[in-house]
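Inspection log for the structure reproduced underneath, given as structure tokens.
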Number of protein chains: 2
Amino acid sequence: MAKRATITDVAKKAGVSVATVSRFFADSGYPVSKQAGSRIQSAARQLDYTPNVVGRMLKTNTSKDIGVIIPTIRNPFYPEVLLGIEKTAAARGYQILLCNSLRNIATEKKYIDSLYQKQVRGIIIAGADGSAAHYREMTLKGMQLLALDSDESGACCASIYYDYRKSGVIMARHLKEMGHINVAFVTSPLTKQSRKDILAGVAEVLDIRRENIIIDGTELETESGIYEYEMGRRLSSEVLALKARPTAVIAVNDITAAGVIKGLSESGIRVPEDMSVAGFDNIDLSAMISPPLTTVNQPGFETGALAADTLIDMIEGKETERINIEPELIKRASVSRIGGKKHE
Amino acid sequence: MAKRATITDVAKKAGVSVATVSRFFADSGYPVSKQAGSRIQSAARQLDYTPNVVGRMLKTNTSKDIGVIIPTIRNPFYPEVLLGIEKTAAARGYQILLCNSLRNIATEKKYIDSLYQKQVRGIIIAGADGSAAHYREMTLKGMQLLALDSDESGACCASIYYDYRKSGVIMARHLKEMGHINVAFVTSPLTKQSRKDILAGVAEVLDIRRENIIIDGTELETESGIYEYEMGRRLSSEVLALKARPTAVIAVNDITAAGVIKGLSESGIRVPEDMSVAGFDNIDLSAMISPPLTTVNQPGFETGALAADTLIDMIEGKETERINIEPELIKRASVSRIGGKKHE
DNA sequence: TTGTAGGCGTTATCAC
DNA sequence: GTGATAACGCCTACAA
């Protein structure tokens, strides 16, 4: 393997100065004569020259990478987000350094520091869970942090907040319309703002009794993607143990809902004939299980795209235009009408 | 935001030369006296100094990033692979630049070139689909390419090949043991070596009639993860249209198998009572559907980990130790015994 | 429109 | 053990 050609080699071969070559390859619009341009181009082609981004980075102190930190790509919501991020990032010339924190604060911190050393100018942190102090410190150092769906983040860095409360409202309204009054809510611990907000939204519309709110005791995001499914399956028995048996269950997300359906059917309860079940997220899985799950679409792709645009605006010092992402009800077969009224 | 402290600032404050500071922060084991060390440390702390990786990269011409190119993270097999890559990469001080090619050759090429400009020394390409010529060209330029599960790759770059043939054999043997003779095989187009190999393995054990091999007409990996599911669902009717109706269906992967199950049950065929269904991959979904899917575990995590280790060995010029990844049968409820013989 | 030259932050090669 | 100093590849005043 031959040594890589540098800007100097090209300049020599093309009979111009390095400055001219540099100007030619930077898109800065700096004038370079047609002649010089074409000679540079042919020289570059012959030498198989490509600009060395590292040299440029060192000089201009500007990186075209952005960091993306998520809990785990195993959570089927994040692939969507990531694809959205990547699409708009690519369109604006940026590339993604992916980091799975596994909800480990130390790991997250290490990643942030490492990105900082790499001169990365901005990071999207999804499901942020790190210390606000560290975020603030990095912001002070000039890093742009953008939190997706985080509780504390508001205090210490920019954030895109998806309106989970509204999602809850939408779902609850639908269940109410379908005749459900006595509804249970099944969730992992309310440690994330998103979960609290979904519940709050639901409770705005439906009168959820305290004992109908069933919260799991543990949370281990490191575990396999199947964890929340198993949780839902397990908690379904608590639903059935309720004195006044609910006619419907709202789970905090689709995976949990899938587990609830499984658990119920193992107990001989048919969904949706005997009990309705609904979730949130609209992941691919939701359409594949039986019965297909009624859910609220949290558009991961759009959220990711918006996040990337916002972050890059922040990095480049542009004004960010605020776009709203609207939750949308996806009606499928896991919720049935009860109470006879069929006015639709 | 104050300007970042540099090695010079630290040297000045600590009263030593930049060379000493550099030696202190490089882990090269170059001797630095205790005294100097502690003074450097305290100076660095006061100035909040962290080495600038870009400067180092420029000088040493060595990047600690590796590229990972996959078709799409939406395919639920890749999150596992990625997590495996990340774990061992992180352990060896490397970070991941993620690229989703969406099976677009132009996109893939663009990503490779961009990684090259960034001085990335190695790339893991999963589900490689690009042109062998381009791979070879990049290899010549000194890039380390490692293909995961690719057809042409062998010719032009290193590759880790997972033994799909063996997976096919294992599954076919299981079905045979369970009494299935007349088996159908449902697959997306045989454009990937992995698919061909699975079929070959199956055919080694089971006598699959030509008309029992049902191949989909189209392939669009850009589409949502639900695509292969819909395909399986659709193709299930072709299975049912077979003159000699098979007792079991082997699908090329779990998502397709899930679709087949759905399609069959929509046609009133119960799985596994009326017909057995099996797949490959053992993704999370497989345990969540009804009935849970019998499948072969293709350990994505381990594959990713191995790939990262191998690639980094290649980059660092070390000898790679070859580890075998063994497929493993996962028996669940979607395959039932037929023919009465119950000798187990 | 082009060229010269200094510097971005680091490491490596010498001397000492 | 330590210290000057010359690179690494590129950009950008400034001068022409």
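Quick note on labels: first sequence line is chain A, next is B, and so on, each numbered from 1. Keep in mind that the numbers below use all heavy atoms, side chains included, and drop hydrogens, waters and symmetry copies.
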What pairs with B:D309 under salt bridge (Lys or Arg N to Asp or Glu O under 4.0 Å), at least two apart in sequence or on another chain? B:R92
Centroid separation A:Y30 to A:F24 less than 6.0 Å: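 No - the distance between ring centres of A:Y30 and A:F24 does not fall below the 6.0 Å cut-off.
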For [X], side-chain hydrogen bond (donor to acceptor under 3.5 Å, both in side chains) partners two or more places apart:
{"X": "A:K12", "value": "none"}
{"X": "A:Q95", "value": "B:S114, B:K118"}
{"X": "A:T20", "value": "A:S17"}

Report for the helix from C:dT1-D:dA16 to C:dC16-D:dG1: angle between first-end and last-end helix axes, five pairs each, rounded to 10 degrees.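 Answer for the end axes of this duplex: 30°.
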Between B:T20 and D:dG3, is there a contact of a side-chain N or O with OP1 or OP2 at under 4.0 Å? yes
B:K109 with B:D113: basic N within carboxylate O range, under 4.0 Å: yes
Inspect the contact between B:R121 and B:D65 and indicate whether a charged nitrogen and a carboxylate oxygen are less than 4.0 angstrom apart.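 Result for this pair is no, no salt bridge flagged.
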5' to 3', nucleotides 8-15 of chain D under a 4.0 Å protein heavy-atom cut-off (B base, S sugar-phosphate only, - none) gives BBBBBBB-
Using whole Å, report how far [atom1] of [X] lies from [atom2] of [N].
{"X": "B:K12", "N": "C:dG9", "atom1": "NZ", "atom2": "P", "value": "12 Å"}
{"X": "A:Q35", "N": "C:dT2", "atom1": "CD", "atom2": "P", "value": "8 Å"}
{"X": "B:D9", "N": "C:dC8", "atom1": "CG", "atom2": "C1'", "value": "13 Å"}

May I ask you to check whether A:Q119 and B:R4 show a side-chain donor-acceptor distance below 3.5 Å?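 Present: a donor and an acceptor within the cut-off.
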